[in-house]
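To start, the structure itself, in structure tokens.
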Amino acid sequence: MIIVAGVQAPRFRPLRYLAAGAAGPAVAVAAFKLGLSPSNDLFTQQTAADIAGKLIDPGRWTTVIDRFVDLVPAWGEVPGGALAGLGLAVVLAASPDRRSARRAGFAMLLVGAMLTGYGLIYVITPAPLEWQIATSLDRLLTQLWPTTVWAAFQLSGGGPGLSADVSSGAT
């Protein structure tokens, strides 16, 4: 009862709208996953005990973390890695204020959550771990790159007069 009353507060109205809008697609995805999707090797080739054993195996976690530490900063076909180039561009363009830092922090939290999810899937994969990382991490990092760039440039801020210019319609 207390939770329901708390969610009724006006500050949670956008969250309620988000949940209502996501309900239909979530039901459609669940129906597809439960009834129509083909089986995959991640869960059909191993039991829950196998997965649990992999989750508590420190060697698998160490391998995944070590490979992430080696490969993520070096990702990209540029000297020093694409993250170094992005970091340089951000340093040259950044003029962070509290709002832009909050936006960038939230976006980087999303990227971090995705990387954590990828790491978790790597830990429980039934395929050879080194092979799985070597053959798929570049593709996964490519999927995260646009969000990473967007997050980094959130630090550029809007400057002192941007919100007034936008709201007044000035160009």
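These numbers come from a predicted model, not from an experiment.
- Membership of an apolar cluster is not assigned to Leu109, as no side-chain contact below 4.5 Å to another ILVMFWY residue is traced.
- Looking only at distances, no side-chain donor or acceptor of Trp61 sits under 3.5 Å from a matching main-chain atom of Val123.
- Put simply, the residue from Arg67, Arg60, Lys54 that forms a side-chain contact (heavy atoms from CB on, under 4.5 Å) with Leu129 is Arg60.
- Under the ring-ring contact (aromatic ring centres under 6.0 Å, His included) criterion, the residue pairs touching residues 69-90 are Trp75-Trp145, with sequence neighbours excluded.
- By the criterion of side-chain heavy atoms lying less than 4.5 angstrom apart, applied directly or through intervening Ile, Leu, Val, Met, Phe, Trp or Tyr residues, Val64 is grouped together with Ile121 in one hydrophobic cluster.
- Looking only at side-chain heavy atoms (C-beta outward), Tyr118 and Leu115 come within less than 4.5 Å of each other.
- Rounding to the nearest 0.5 Å gives a distance of 11.5 Å between CD of Gln143 and OG1 of Thr148.
- Separating the CE atom in Met114 from the OG1 atom in Thr116 is a distance of 10.0 Å, to the nearest 0.5 Å.
- Residue Leu110 is found in a hydrophobic cluster whose other members, listed by chain and number, are Phe106; membership requires side-chain heavy atoms under 4.5 Å apart, directly or through intermediates.
- The OG1 atom of Thr125 lies 10.0 Å from the CD1 atom of Ile51; values are rounded to the nearest 0.5 Å.
- For the atom pair CD1 (Ile124) and CD (Gln132), the distance works out to 10.5 Å, reported to the nearest 0.5 Å.
- With a 4.5 Å cut-off on side-chain heavy atoms, Val69 and Ile65 count as touching.
- Taking CG from Asp70 and CD1 from Ile133, the interatomic distance works out to 10.0 Å, rounded to the nearest 0.5 Å.
- For Thr62, there are no side-chain hydrogen bond (donor to acceptor under 3.5 Å, both in side chains) partners two or more places apart in sequence or in a different chain.
- Applying the side-chain hydrogen bond (donor to acceptor under 3.5 Å, both in side chains) criterion to Asp50, with sequence neighbours excluded, gives Thr47.
- Residue pairs meeting the side chain to side chain donor-acceptor pair (under 3.5 Å) criterion with at least one partner in residues 133-142, sequence neighbours excluded, are Tyr122-Ser136.
- The local environment of CG in Leu36 is crowded, with over 12 non-hydrogen atoms from other residues, nucleotides or ligands closer than 6.0 Å.
- Looking at every heavy atom in both residues, Leu71 comes nearest to Leu141 through O-CD1, 4.5 Å.
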